[in-house]
Amino acid sequence: MCTFYPALPPPAPNIEDKMDDLSKETLQRVKENDPKLTTLYLYGSRSEVNGRFNSDVDGAYSQLGEYILGQNTHIKILDVNSGYDGHIHLDGGPRSSEDDSDHEFYEGLKRNSSIQKLLLNFSYWPGSDIPLQLMKTYQYNNNLTHLHIEDGIDLENGRSTIVIETLRSCQNLISVYLQQCGIGTTGFSRSRGVHLLPFIDAIRHHHHLEELNLDSNTLRHVGCEIIAPLLEDPNTKLQCLILRATCTDREGVKVLLNSLANNRKLERLILDNCVTNWTGNENRIDPNEISPYLFQLLCNTSSLNSIYSSNHTMNDLSLARHWSRNRVSSELESLLKLNKNTNKGHVAIMKILQYHPNVLTDSSDVEPFFADWISDDEQTLKGLPYVVDWFDRAKEAVVASSSKGASSAFDIGKRKLTAIYQFARAMPSMFDSNKW
């Protein structure tokens, strides 16, 4: 007699079986600690970019978090983008924000030590809580060197507090982007209390910070005054400041340029497309109006000392999409190009040779070199070696210069002889061969 048993149900598919092929492949590479997988893309769209992961399968992100924490040491960048044709299925997304099923994912990130760059773009989903959850995670470790909010995160209704606390907690940040986040200053309806000051306060003592991008926020003159102390700080390492499309007016630009007088770190200042209002009347900053202030910063020609003390660091400044082609802007471009030279002593010398053509060749210039060593009963040539040494260094600077014909144009040998002649005129008895 045959006994019939009911058929066994097929085995339940595991999490990976329910994923799309690319997400499945990415999960496996994370698990295997693939050294070639250095960027993990959490993309809302079905992008085919290598390393993309997105799944609406329950437990998928928890599995990913487990692998990030447990095995992976090669992922350096976490790039999260809501995409235009879908959502990222993490807590804070289409499911209830109270759903705790992705807790292990955030725990994995919290305890992971390899990810250093967090890139967030939610332009198609600005109200999502996912970027805030991610930033909360990084309040617990100090791994981040780059925090880039690249577009469209809603920071109103107290949400900005999370970003500010994350900025404050991440002491090793090298690069910060806060693009188009509705950050502003008082008196502008779009900012609604999301004020710039606490963001700047949060990074004020981050002395590793080299790049700050506040593109497409509403800063105006007040915002420039808030930023200026960062540039005046003698301990700053900030090399690049991007304030594109920030409603920064002419007075604000002057504040920034003045704050750079003693700055020896900032190399790039980007102010493209700045306007004074958001109406159709785009009152763009005219480079010609700012040029005198910029020239004063890069090469203050009032004296030799002033030229030496000018800014020899900033080498990339953009005030408009296209500089007007005139003599002033071409002079400024020449100074900015000169500042690219890493030997700042040579930069100072070249500016002096260019804008103080009679350097050390008339009595008023030579006099300081020997005045301190002359008394009623004594004359000395102690200052002459310093003058000769300066011209020797000037010759090195000219030779190192990439400008063709610079050697003949500056004629260092002739200038040195003229300077010695001025010494002879000032103290003829010291050159009298019959005296001794």
Side-chain angles (χ1 to χ4, degrees), residues 38-42 64-65 68-69 72-82 88 90-92 102-103 105-122 128-155 158-183 194-215 217 223 226-227 229-231 233 235-243 265-266 268:
T38 58
T39 302
L40 177 62
Y41 298 94
L42 304 187
L64 179 63
I68 288 173
L69 166 63
N72 198 281
T73 58
H74 293 293
I75 297 175
K76 304 296 181 186
I77 304 171
L78 179 59
D79 187 346
V80 189
N81 192 317
S82 65
I88 299 170
L90 266 169
D91 286 352
D102 295 325
H103 172 74
F105 172 74
Y106 292 112
E107 281 299 308
L109 288 181
K110 188 186 297 184
R111 296 163 63 186
N112 168 273
S113 59
S114 67
I115 296 174
Q116 298 176 339
K117 299 182 180 181
L118 178 61
L119 316 181
L120 303 171
N121 188 321
F122 280 72
S128 170
D129 288 335
I130 291 174
L132 302 179
Q133 295 285 353
L134 289 168
M135 280 185 277
K136 276 184 181 179
T137 296
Y138 284 98
Q139 293 174 10
Y140 296 92
N141 69 41
N142 204 19
N143 298 329
L144 286 188
T145 58
H146 295 66
L147 176 57
H148 290 189
I149 301 176
E150 297 181 343
D151 203 358
I153 293 181
D154 180 4
L155 297 182
R159 293 158 62 92
S160 62
T161 305
I162 296 172
V163 181
I164 293 165
E165 188 54 40
T166 304
L167 289 171
R168 185 176 288 111
S169 301
C170 297
Q171 296 285 322
N172 293 319
L173 286 171
I174 294 172
S175 177
V176 172
Y177 283 29
L178 299 171
Q179 293 181 238
Q180 200 169 336
C181 292
I183 300 171
V194 184
H195 202 280
L196 174 66
L197 182 57
F199 292 90
I200 298 301
D201 281 343
I203 60 173
R204 194 174 300 282
H205 302 295
H206 287 19
H207 294 311
H208 297 290
L209 189 65
E210 296 178 1
E211 182 180 29
L212 177 60
N213 186 338
L214 297 171
D215 191 337
N217 292 291
I226 292 171
I227 294 169
L230 285 181
L231 304 176
D233 183 352
N235 296 314
T236 184
K237 291 188 178 178
L238 195 64
Q239 298 176 17
C240 177
L241 177 61
I242 301 175
L243 303 177
K265 293 294 182 181
L266 194 79
R268 300 185 67 213

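Starting from 1, each residue takes its place in the sequence as its number. Please read these numbers as outputs of a predicted model, since none were measured by experiment.
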Handout entry: Listed partners of E150 passing salt bridge (Lys or Arg N to Asp or Glu O under 4.0 Å), at least two apart
Key = none
Exercise for the section: Indicate yes or no: at least one non-hydrogen side-chain atom of Q179 is less than 4.5 angstrom from one of N121. Expected result: no
Practice task
Check whether any side-chain heavy atom of L214 lies under 4.5 Å from a side-chain heavy atom of I227, and answer yes or no.
Solution key: yes
Problem - Within 6.0 angstrom of R204 CZ, more than 12 heavy atoms from elsewhere - result: yes
Problem - NZ/K265: more than 12 non-hydrogen atoms of other groups inside 6.0 Å - result: no
Problem - Which atom of L132 lies closest to which atom of R159, heavy atoms considered - result: CD1-CZ, 3.4 Å
Fill in the blank from the handout: The complete set of salt bridge (charged side-chain N to carboxylate O under 4.0 Å, His left out) pairs with one or both residues in residues 161-171, sequence neighbours excluded, reads E165-R168
Handout entry: Atom pair CG/OH of D215 and Y177 - distance to nearest 0.5 Å
Key = 9.5 Å
Fill in the blank from the handout: Separation between CD1 (I162) and CE (M135), nearest 0.5 Å, reads 7.5 Å
Problem - Side chain proximity check, L40 to I68, heavy atoms < 4.5 angstrom - result: yes
Handout entry: Backbone N/O of D233 and side chain of T236: donor-acceptor pair under 3.5 Å
Key = no
Exercise for the section: State, with a plain yes or no, whether a side-chain heavy atom of L241 is found less than 4.5 Å away from one of L230. Expected result: no
Problem - Listed partners of Y41 passing ring pair (Phe, Tyr, Trp, His ring centres under 6.0 Å), at least two apart - result: Y43
Exercise for the section: Can you measure from OG (S82) to CD1 (I153) and round to the nearest 0.5 angstrom? Expected result: 9.0 Å
Handout entry: From Q116 atom CD to N172 atom CG, the distance as rounded to the nearest 0.5 Å
Key = 9.5 Å
Fill in the blank from the handout: When rounded to the nearest 0.5 Å, the distance separating CD1 of I203 from CD of Q171 is 11.5 Å
Exercise for the section: Taking atom NE2 of H205 as the centre, report whether more than 12 heavy atoms of other residues, nucleotides or ligands fall under 6.0 Å from it. Expected result: no
Problem - N217 side chain vs G182 backbone, donor-acceptor pair below 3.5 Å - result: yes
Handout entry: Heavy-atom closest pair, residues P198 and I164
Key = CB-CD1, 3.6 Å
Handout entry: For the student: nearest non-hydrogen atoms of C170 and Y138, plus distance
Key = SG-O, 3.4 Å
Practice task
Please say which of I200, I226, I183 ends up in a side chain to side chain contact (heavy atoms under 4.5 Å, CB included) with H195.
Solution key: I226
Exercise for the section: Run the salt-bridge test on D79 and K117 with the 4.0 Å N-O cut-off and return the result as yes or no. Expected result: no
Handout entry: Shortest non-hydrogen contact between N141 and L109, atoms and distance
Key = ND2-O, 3.5 Å
Handout entry: S169 side, atom OG; L147 side, atom CG - distance, nearest 0.5 Å
Key = 11.0 Å
Handout entry: Sidechain-backbone polar pair: S160 side chain, V194 backbone, donor-acceptor under 3.5 Å
Key = no
Practice task
Spell out, as yes or no, whether a donor-acceptor pair under 3.5 Å connects the side chain of T39 to the backbone of I77.
Solution key: no
Handout entry: Donor-acceptor pair between S175 and H148 side chains, under 3.5 angstrom
Key = yes
Practice task
Taking the side chain as every heavy atom from C-beta outward, state whether T166 and K136 have any pair of such atoms under 4.5 Å apart.
Solution key: no
Exercise for the section: Report yes if some heavy atom in the side chain of L178 is under 4.5 Å from a heavy atom in the side chain of L155; otherwise report no. Expected result: no
Practice task
For L212 and L238, work out which heavy atoms get closest and say how close.
Solution key: N-CD1, 3.8 Å
Practice task
Grab the two heavy atoms, one from N72 and one from N112, that are nearest each other, plus how far apart they are.
Solution key: O-ND2, 3.7 Å
